[in-house]
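To keep things clear, I will list the structure first and then write my remarks on it.
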Amino acid sequence: MQLKTSSGRINKPAVLVARAIFPEVLQTLQQHFEVTSNQADVLWNPEQLAFAAKGVAGILTTGSERIDAALLAACPDLKICANMAVGYNNFDVAAMTTARVVATNTPDVLTETTADFGFALILAAARRMTEGEHFLRAGLWNRWRYDMLAGAEVHGTTLGILGMGRIGQAIAKRGAHGFGMRVIYHNRSRLDAVTEGVCAASFVSKQDLLQQADHLILVLPYSTESHHAIGVAELAQMKPTATLVNIARGGIVDDVALAAALKAGALAAAGLDVFEGEPRVHPDLLTLPNVVLTPHIASATLRTRRAMAQLAAANLIGFLLHGKALTPLNALQ
Ligand code: DGY
């Protein structure tokens, strides 16, 4: 899609990089495109994003930029939005398809890293690691006591997984093969028998999942269907000794209901990397000792974040220069 002018100069397509990214990835993009970048990492509102995106053929987004009908109407030259995230609830894919704008995400490159972090949250919440650290830092550790900060067992217990895509499967393998756990899962569709075997995971109803899991981890995409998939009714079905971990998206858990359950002792502990309305965190969660809170960093290793940025850039290059995105979410090519 490179255009030659009458003087023989190549006109590169224009792209917008909506947030700060690795300088070397930006340089790669600059070799192929006229790039407008936001390396200052200013958080744009929708109008500012639409203004910056006027006339560009592609945008490299992160999960923070909403691409919807209004943005698409304001940017008629847009051909592709490449999200630097596997989750894409910031995209209105139906509106993008109607506007014939390709949507891409970054699957696979973050699977193992994100699964590691999910497991770390299970361990940290169940074994009260941050609570222990706060206790120590506050100077409260003055002797050994038989039940001091005693938490829940992880190995040999039942791991429940809600959402059994790539990351869910990677967590299942860690639980089954690394920690000797019985792994149960619930998903919109059941895995084939071979994949279930590799993951050593059994399909159960959502109700059985809630009732049987000692540690329940959420790895499903956010959508209107999964909004508050874990709310008052679901929390009431869980064991009071259980741990709940959310590394998927804020809004899948009703944070107010969760805080109330943790406060009342209806649930032992939680580990949360994502929040409703993040980066705000519900104040009730901030005051509770039995919840481990992290700022949406499950995929945050430098190697993985670099791979995500490179894949997003490769999607822009692949589609705008060669007509083929690597990891499309809609079938427009
Ligand atoms: C993703 O890839 O969806 C993560 O949540 C962003 O880091």
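Whatever order the structure lists them in is the order used to number ligands and atoms, beginning at 1. All values reported here derive from a predicted model rather than from experimental measurement.
- Taking every heavy atom of S299 and a limit of under 4.0 angstrom, the matching atoms of ligand 1 come to 7 (O).
- Those atoms of ligand 1 that come under 4.0 Å of a heavy atom in H296, given as number and element, are 4 (C), 5 (O), 6 (C).
- Among the candidates R174, K173, R166, the single residue satisfying the side chain to side chain donor-acceptor pair (under 3.5 Å) test with E112 is R174.
- Taking a cut-off of under 4.0 Å to the non-hydrogen atoms of A85, the atoms of ligand 1 that pass are 1 (C), 2 (O), 3 (O).
- When atom types are taken as modelled, the side chain of H282 and the backbone of D284 share a donor-acceptor pair closer than 3.5 angstrom.
- A heavy-atom separation below 4.0 Å is not found between G63 and ligand 1.
- Geometrically, ligand 1 and R249 share a nitrogen or oxygen pair separated by less than 3.5 Å.
- Contact check for Q212 versus I184: side-chain heavy atoms found under the 4.5 Å cut-off.
- The side chain to side chain donor-acceptor pair (under 3.5 Å) test with T327 is passed by exactly one of T104, D108, N315: N315.
- Between A95 and A69, the shortest heavy-atom distance links the atoms CB-N, 4.1 Å.
- Residue L110 has at least one heavy-atom neighbour below 4.0 Å for each of these atoms of ligand 1: 2 (O).
- Ligand 1 has an N or O atom lying under 3.5 Å from an N or O atom of V86, backbone or side chain.
- Side-chain N/O atoms of Q39 and R19 include no donor and acceptor closer than 3.5 Å.
- Distances below 4.0 Å separate heavy atoms of G87 from the following atoms of ligand 1: 1 (C), 2 (O), 3 (O).
- Here H186 and F203 bring their ring centres to under 6.0 angstrom of each other.
- The atoms of ligand 1 that sit less than 4.0 Å from any heavy atom of R305 are 7 (O).
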